[in-house]
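Just so you know, these numbers use all the heavy atoms, side chains as well, and skip hydrogens, waters and symmetry mates. Order of listing sets the numbers, starting from 1, for every ligand and every atom in it.
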Amino acid sequence: MKRIVVVGTQWGDEGKGKITDFLAQKADVVVRYQGGNNAGHTVVFDGKKHSLHLLPSGILNPKIQNVMANGMVINPKAFVEEIDKIESFNLMISERAHIVLPYHLELDKAYEHFKGNEKIGTTHKGIGPAYTDKAARLGLRVSTFIREDRFKTKLAELIKVKNQELRKLGAPRIDFEDLYNEYIVYAKRMAPYVGDTSLYLNQAIEADKNILFEGAQGVLLCLDHGTYPYVTSSSPTASSVPLNTGIAPWLVDGAIGVTKAYTTRVGEGPMPSEILGDLADHIRKVGNEFGTTTGRPRRIGWLDTVVLRHTKRTSGLSYLAVTLLDVLSGIDELKIAISYDLNGKEIDYIPAEIEDFMACKPNYITMPGWKEDITQVKSFDDLPVAAQNYMNKLNELVGVPLAIFSVGPDRNQTILVKEIF
Ligand code: IMP
């Protein structure tokens, strides 16, 4: 495959950054296609840890052309903070991407407050309100943002509407002059990287380049196919790549679905296979399951294959990459959810109605665990038999072959089972 999408198969935080970083060794181009700085992952490069939220995972490798495509929403302040930490890089930003402004962050907080007990638990990065403005034709695109006069005129119009909204919600108003004076500086920093990324990507495809499309969040957080309303505001599916990058659907060769060997979720909303108590605390501690963007403790659950089959159907998955397998070492018995019980009926899908999804009780199979430390294994055959059986069962239940698994945070703890790039 020459053009591969890296898809999060669960509720985000599956280790996509690590898999992208691993596959990027063979990539010419790495593309972020949706979301904004609500995402987050750590890339270790030359012994230094880098936290990335907005920039594509290939940004630390000067041989890679990185692209922030039209489907993204970009916070210019966060952008400048991130690029300032990196010495040299190759980056192109779509002129059709949308800008996240301070009033989006205020609106995000205000909507969450308004929702009270039904809050989504967003990252408060203004992502939802920025996409809302895009759909309402009240957005600011990168192309306008980097043109000084047009930015000023457009911002003056937009801020009137936004301040009315903020006032109604009891949120602080934003001062036009302050905002303009601060953001025009960011616009000038962003301008040299801006271009027509669809044109560029189509040329790269014609030149037969290896391209990695890096999803943020996971399919269960997809605005259309996720657990609405407890979702983000974009689509992390492989099927959103053509629209969000400006290439033809048939030019995407396949998708690698990244899944944890268990499940996590951060933020509110149902998670049928959730585990509470000591075992959850143990997995959270061993797996360091705390959000990269917000620091929130992640909720922990057993592996849920109804979720993975849903992702396979709605996004498309050619291969699986299983991460954090080492975290399960030392647990006597491992459960895998194979279907749900909904009001006495066995189902193998995710109900659209959130009340129904909340009522779903998982049906589990139980597999024996393994005691051995597996952080040094170099091949599938090195794994204890119980770990091999667990992985084989996972592949069988999802019906997607395994290409990669990982047993620790380092790049050399990532094991390639099948060459895909
Ligand atoms: P938003 O994307 O900030 O609007 O948040 C909507 C939901 O998506 C919340 O449940 C967040 O916790 C979740 N979310 C957003 N980005 C990520 C991510 O990168 N990893 C995991 N959850 C995320």
Heteroatom proximity flag, S233 to ligand 1, N/O under 3.5 Å: no
At a 4.0 Å threshold, what atoms of ligand 1 neighbour a non-hydrogen atom of V266? 10 (O), 12 (O), 21 (C), 22 (N)
Between R309 and T305, does any side-chain donor sit less than 3.5 Å from a side-chain acceptor? yes
Tell me if the CD atom of E118 is crowded by more than 12 foreign heavy atoms within 6.0 Å. no
Which of the atoms in ligand 1, numbered in the order shown and given with their element, are less than 4.0 Å from a heavy-atom of L221? 8 (O), 13 (C), 14 (N), 22 (N), 23 (C)
Tell me, which protein residue and heavy-atom name are nearest atom 5 (O) of ligand 1, and how many Å apart are they? T122 CA, 3.4 Å
N or O pair under 3.5 Å between D13 and ligand 1: yes
Are the side chains of S198 and N70 in touch, meaning some heavy atoms are under 4.5 Å apart? no
Do the side-chain N and O atoms of S239 and T237 include a donor-acceptor pair separated by under 3.5 angstrom? yes
Nitrogen or oxygen of E268 less than 3.5 angstrom from that of ligand 1: no
Salt bridge check: are K393 and E396 linked by an N-O gap of less than 4.0 Å? yes
D21 side chain to S57 side chain, donor-acceptor N/O pair below 3.5 angstrom: no
Atom 9 (C) of ligand 1 sits nearest the protein heavy atom G121 O, 3.2 Å
Report yes or no: does a heavy atom of K125 sit under 4.0 Å from some atom of ligand 1? no
Residue, atom name and distance, where the atom is the protein heavy atom closest to atom 17 (C) of ligand 1: Q217 CG, 3.5 Å
Between T232 and ligand 1, does any nitrogen or oxygen pair lie at a separation below 3.5 Å? yes
One residue to check: W11. Relative to ligand 1, which of side chain, backbone, both or neither has a non-hydrogen atom less than 4.0 Å away? backbone
Could you check whether any heavy atom of V231 sits closer than 4.0 Å to an atom of ligand 1, since that is the contact criterion I want to use? yes
Considering the heavy atoms of A39, write down every atom of ligand 1 situated less than 4.0 Å from one of them. 19 (O)
More than 12 heavy atoms of other residues, nucleotides or ligands under 6.0 Å from NZ of K2: is that the case? yes
N/O separation below 3.5 Å, D108 to ligand 1: no
Does a donor on one side chain sit under 3.5 Å from an acceptor on the other, for Y340 and D304? yes
Side chains of T259 and Q10 only: does a donor on one sit below 3.5 Å from an acceptor on the other? yes
Are side-chain N/O atoms of W11 and T264 paired as donor and acceptor at under 3.5 Å? no
Contact between ligand 1 and R296 is defined here as a heavy atom of the residue under 4.0 Å from a ligand atom; is it met? yes
Per-atom filter on ligand 1: closer than 4.0 angstrom to a heavy atom of I120 are 6 (C), 10 (O)
Compute the shortest N/O to N/O distance between I127 and ligand 1 and return yes if it is under 3.5 Å, no if not. no
Among protein heavy atoms, which sits nearest to atom 3 (O) of ligand 1, and what does the distance come to when rounded to 0.1 Å? T123 OG1, 2.6 Å
Return each pair, listed once, that meets salt bridge (Lys or Arg N to Asp or Glu O under 4.0 Å) where at least one residue sits in residues 240-260; pairs must be two or more places apart or across chains. R3-D253, K260-E289
